[in-house]
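Here is the naming used below: chain letters follow the sequence lines, and residue numbers restart at 1 for every chain.
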Protein chains: 2
Amino acid sequence: MAKQRPTIRDVALAAGVSGPVVSTVLNNRTESTVRVSPQTRERVERVARELNYTPSILGRSLAQQKSYIVGLLLSAVNSPLAAEVIRGVQDIASPQRYSPMVFIHGNPEEEAAEFERSLDRRVDALIVDTFDTPADAGNVEAYRNLASTGFPLVELFGMSIPDVLRVNVDFEADARRATQHLLELGHRRIGLVVHEHYHKKETHWAGWGFYSGYRAVLEKAGLEPIVIPAPAVTAPGDGLAFIESGRYAGRELLALAERPTAVISYSNRRAYGVVQAFLSEGLKVPEDVSVLGYYERDVAVLTDPPLSSLCVAAREAGQAAAKIAFGIMQRKPVETVAVASEWMPRGSTSALSASQRNTIRP
Amino acid sequence: MAKQRPTIRDVALAAGVSGPVVSTVLNNRTESTVRVSPQTRERVERVARELNYTPSILGRSLAQQKSYIVGLLLSAVNSPLAAEVIRGVQDIASPQRYSPMVFIHGNPEEEAAEFERSLDRRVDALIVDTFDTPADAGNVEAYRNLASTGFPLVELFGMSIPDVLRVNVDFEADARRATQHLLELGHRRIGLVVHEHYHKKETHWAGWGFYSGYRAVLEKAGLEPIVIPAPAVTAPGDGLAFIESGRYAGRELLALAERPTAVISYSNRRAYGVVQAFLSEGLKVPEDVSVLGYYERDVAVLTDPPLSSLCVAAREAGQAAAKIAFGIMQRKPVETVAVASEWMPRGSTSALSASQRNTIRP
DNA sequence: TTGAAAGCGTTACCAT
DNA sequence: ATGGTAACGCTTTCAA
């Protein structure tokens, strides 16, 4: 039997004041029509502490018609990022008394059901993760409708919902940073392993953005892009297919007449496959070829050597999404944000060596 | 401007009945003092549908003094499992109109703060993940206190909170299954890579349990255990240390006079390290040595060959925890549960070959 | 079989 | 500067 929690009435009674006074005091409400004297204030605060009073969000919610809940509609596909995203949301939401409620789905039908559920829960805002999901048209329409009513709906890791503010990975800036890094290490032949449809800007904006950043930096340096298209992976599954795609790209790369001394790979899983292809040909990483990975954080650590890479800053993304959501709620000006990835220097890249120079241009 | 949602009053008015009738109908309340005729029932249902009415959980919560929220207090350490656990909880909670609210923490102070927050949110139940956290005494005490009031608190992946129902990994059964599998493949020299303190039953119950299951099966088969203690890993961090620990164990194993033809490794990260050690000595997996991993799901897929392993059934664990929580709430008999892991057959184990037989006993 | 009234804990508004 | 009162949307209980 849980002890009966004290209510605002108990505090009011014990402090010899009325309910509203307690409410005003404990919420530090200054611009209220209710003004309280310092003595009263102190007394109320003391009594509240003595009684171990914490206001019930249930009552508050009903009175204010606010749930103080921010919903997170997440795809099971990118589970690995979920915890960090939630944490980011929490970072921003907590100070505003908000808490994240999570709705995870594995397919469009579940997605629709969980979306409904989130509305039934009367979430005050909704962060929708459309990453890696071939967005279902019906669901997108539903999101769009909701957003068009002014409801704070933020898209995360996706570009599926029209006319909605979102948080994206800053593919182009990330690619620039990656390329720049390798340039600074002295590399001049820098390859890019990327989704084979990277040039289809409309549908593969991520790959396109990444490629654009890569090319921009190389062009500025007067160097030629060397793109190695990696086969598309249909089933995201557990990632095996991605690795296989990387192995394939790795072999392609080795077959080039003039082999790059460094490679950037979109997707750390692909990078892992690339490394495997190199190793199985007797090449050493990074001595013979530097490999710089991108995106997923979880894999980067597992190669030998561990992959230097840029990893999605999931927590920051969560924070950014929450900021936008609260911005909309509070009618502050906010806009779509691109979050730069996090630099994880490890052992798979190194400065261009003399022997590499020789190997390349004999 | 979000459209005003219809309230129960709107429905009542439109259907020409009173609020309680609507409430009774829409909740299919049979054992209520309020009985409604089939016609009325149908009319109410129709009107509700027409108005697109969905009851507000805010009002219901206040009236029933139930938040319909199950809290999940998770450690950031095992982020990878978070999404699956949440999903499992969702599986059980949703049909009961409950939703999971997630509270993630990175250290004991945050843990305490998030715990408080969850109580402030008036969660009706709390699932506490103490995995891998050297449980903070103060927090444990707080959990215990709460649980002792009859509050539905369930410990997940840990044994830190006394007198509390929990969901655990079934280490012993898992080890038995793993060992049995290798026996059935014909192996007779089966090694176990496990935390160096595995024999300290009290503090390292996981390792102990796993070892026990392993030994039990071997004994029954009249075989000798071959334990290779892996160095303790202090900083869980990103897992690099675990892999290093596995590499170390792998080298130890290779130095044995009579080398096992198969190894079970507690922790897939360690298994990964073991594989690396083997490969770097020119041994092939599974041709020369079979390697069977355990526990984390995320890594198992990344080795070459991918690791056959038993992986923690996180979603099932979440389900089990939720079931216990609801059981306590509804005063049904429930008890601590051990969840068996999931069998993920992949490429790192194979039947004992003739050549292996020869190598071992020349 | 139904309606009416009270109450859940809080906040907002209007009096004093 | 403070208190009273109504309201939020729903459920529960009692009366009809």
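- Contact check, Q65(A) against dG9(D): a side-chain N or O comes under 4.0 Å of OP1 or OP2.
- Put simply, NZ on K66(B) is 9 Å from P on dT12(D), counting in whole angstrom units.
- Cation-pi geometry between R60(A) and Y68(A) is met: the NZ or CZ atom falls under 6.0 Å from the ring centre, inside 45° of the normal.
- As a whole-Å value, the separation of R9(B) CZ from dA7(D) P is 9 Å.
- When the nearest nucleotides of DNA chain C are assigned to G16(B) and A63(A) by heavy-atom distance, the more 5′-ward of the two goes with G16(B).
- To the nearest 0.5 angstrom, R117(B) atom CZ is 11.5 Å from L119(B) atom CG.
- Checked by atom type and distance alone, the side chain of D124(A) never pairs as donor or acceptor with a backbone atom of K66(A) at under 3.5 Å.
- To the nearest angstrom, P of dC10(D) lies 9 Å from CG of D10(B).
- Atom-to-atom, OH of Y68(A) to C1' of dC8(D) comes out at 13 Å; the value is rounded to the nearest Å.
- Judged purely by atom type and a 3.5 angstrom limit, R166(B) has no side-chain atom pairing as donor or acceptor with the backbone of L156(B).
- Between S56(A) and the phosphate of dT10(C), there is no side-chain N or O to OP1/OP2 separation shorter than 4.0 Å.
- Listed nucleotides dG4(D), dT2(C), dT11(D) differ in distance to V21(B); the shortest reach to its side chain belongs to dT2(C).
- What separates CG of N28(A) from P of dT11(C) is a distance of 12 Å, to the nearest Å.
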Verdict with reasoning, N139(A) to R144(A), per side-chain hydrogen bond (donor to acceptor under 3.5 Å, both in side chains) = CA-CA 8 Å; N139(A) 289 329; R144(A) 192 183 189 180; over 6 Å; no
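- We find that CD of E42(A) is positioned 17 Å from C1' of dA1(D), with the value rounded to whole Å.
- Within 4.0 Å of S18(B), counting heavy atoms only, lies at least one base atom of the nucleic acid.
- Atom CZ in R97(B) sits roughly 12 Å away from atom C1' in dT11(D) (whole-Å rounding).
- A close approach under 4.0 Å does occur between a side-chain nitrogen or oxygen of T40(B) and OP1 or OP2 of dT2(C).
- In this structure, I8(A) reaches the bases: a heavy-atom distance under 4.0 Å links it to at least one base atom across the strands shown.
- Applying the 4.0 Å criterion to OP1 and OP2 of dC10(D), one finds that Y53(B) has a side-chain N or O inside that range.
- Phosphate proximity of dT10(C) to Q64(A): absent, as no side-chain N or O sits under 4.0 Å from OP1 or OP2.
- Protein atom CG of L13(B) is 14 Å distant from nucleotide atom P of dG9(D), rounded to whole Å.
- Here R60(B) does not reach the OP1 or OP2 of dG9(D): none of its side-chain N or O atoms lies under 4.0 Å away.
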